[in-house]
2 protein chains.
Amino acid sequence: MYSLNTEEKILNASILLFSQKGYTAVTTKEIAKEAGVCEMTLFRHFENKHNLFEKAFEKFMFFPKFRALFEGLEWDLEKDLIKICSSYQHMLYKNRKIILMYLKNEDQNPDFDVTMFRFPSEFKKLLNYYFEEMKNKGAILENPETLATSFLTTSFGLFITSLVMNKLTFETDIQACILSYVRIFAKGITYVGS
Amino acid sequence: MYSLNTEEKILNASILLFSQKGYTAVTTKEIAKEAGVCEMTLFRHFENKHNLFEKAFEKFMFFPKFRALFEGLEWDLEKDLIKICSSYQHMLYKNRKIILMYLKNEDQNPDFDVTMFRFPSEFKKLLNYYFEEMKNKGAILENPETLATSFLTTSFGLFITSLVMNKLTFETDIQACILSYVRIFAKGITYVGS
DNA sequence: TTTTCATGTTAGTTCCTACTAACATTAGTA
DNA sequence: TACTAATGTTAGTAGGAACTAACATGAAAA
């Protein structure tokens, strides 16, 4: 039997390099070197480069437990949004290498897309539901779906900025930004009566 | 003399393909075909692939006129932020191919970074100044720099979402989101007195 | 018409990359 | 000890990519 350890080393090296440079720019020799094995071993385990890419993708894709999150909510806009945003940021961070791999991916594969959009789309559904409930309760006035999309896409902006641009010019602490941002958003959508 | 037309065709094809697939994944043959010229012509004009990449980058980099924008402001949070956000979105959109090229770029070149960060960094400085003034006027309470970063990074989220993810799951109209979002943000930071 | 110059065409070189085959080595297990 | 299974090593193939050289074409300017 093949040792799991070797496969793991190779998969770790793969995802690291693919996320840094993109699929085409990384060579199998490079991956082998990074993994500390010889190139042949890589092919013995994964047959070819593309299969390795897919296996790395599968292995490192992180799916959060949405239900648990949305069951612990308190129907207090600011508190809930902070929880949701943190958990969204956490999921994005856990998937950061996958996301970079995806962004650098050259051929736009529909299957790939579907996989990548599974969690933001799931998040959006639940957030949509949350905002609908809050609207029913009279806490907000805006359109729930627009809010859900706004909140998720802007949160993504905070994440991707800290991921790819944090070395330069934006020395501001992104964590502080997130908290401040969520507070502003919560205040901005709160219905204060006429 | 070389005809400008040919160089333009090649540069157009380059930026298109580089932004779609990234530097390494695109071949010079492919670019030539897309441009409707033969491969030799490409080398005659640009010497080598990397030089072509740089020339395409230079040519399609769009620098907005910040001053003009910030001089037309009315010191009304919502109106001004809508103007600023629209102009930021516009600049991002004009640079969309450059931005995709940058995201897909394999080697993290510091010079490249500096060029890419010139405009968000310039935008941030001016926005920072704007929020400081608004704070002095008593219109807002929050920290200007945090606000500037929040606003720009979240705006970037709206942009990048519509750029790379708009085919799927996020059918919501991004333009509507932007407007709604800016209104929320403006309301969220407005100081309403004690 | 002749000249000039950008472009097309063809053939080829060099280098790199994915991937293979065959054999050697090493370590755990019977 | 002997066997087995994973890995290392070496050499090599096939194809593709960047890039070059030499010559052909075709259109505009002289």
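We name chains A, B, ... by the order of the sequence lines, and we start the count at 1 in each one.
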(Q) Rounded to whole Å, how long is the line connecting atom CG of A:Leu17 with atom P of C:dT17? (A) 13 Å
Q: Would you verify whether the NZ or CZ of B:Lys124 falls within 45 degrees of the ring axis of B:Phe117 while also being under 6.0 Å from that six-membered ring's centre?
A: no
Q) Under 4.0 Å: is that the gap between some side-chain N or O of B:Thr41 and OP1 or OP2 of C:dA6? A) no
(Q) Rounded to whole Å, please give me the gap between CD in B:Glu39 and C1' in D:dA17. (A) 8 Å
Q: Let me know, please, whether A:Met40 or A:Thr27 comes out on the 5' side of the other along DNA chain C by nearest nucleotide.
A: A:Thr27
Q. Expressed in angstrom and rounded to an integer, what is the separation of A:His50 atom NE2 from C:dT17 atom P?
A. 18 Å
Q: Taking only the side-chain nitrogens and oxygens of B:Thr28, find out if one of them lies under 4.0 Å from OP1 or OP2 of D:dA18.
A: yes
Q) Can you list every salt bridge (charged side-chain N to carboxylate O under 4.0 Å, His left out) pair that touches residues 22-42 of chain A, not counting sequence neighbours? A) A:Lys21-A:Glu30
Q | Euclidean distance, atom CG of residue A:Asn48 to atom P of D:dT13 [Å, nearest integer] | A | 22 Å
Q | Rounded distance in Å - CG (A:Leu42) to C1' (D:dG8) | A | 14 Å
**Q.** Nucleotide C:dA27, atom P - distance to CG of A:Asn5 in whole Å
**A.** 15 Å
Q) Can you find a heavy atom in the side chain of A:Phe57 that is under 4.5 Å from one in the side chain of A:Met101? A) yes
Q.
Can you give me the closest heavy-atom contact between A:Leu17 and A:Ile31, atom names plus distance?
A. CD1-CA, 3.7 Å
**Q.** Spacing between B:His45 atom NE2 and D:dC19 atom P, to the nearest angstrom
**A.** 16 Å
Q: From the options C:dT9, C:dA22, D:dA18, select the nucleotide whose nearest atom is closest to the side chain of B:Phe43.
A: D:dA18
Q.
Output the rounded distance in Å from CD1 (B:Ile31) to P (D:dG16).
A. 18 Å
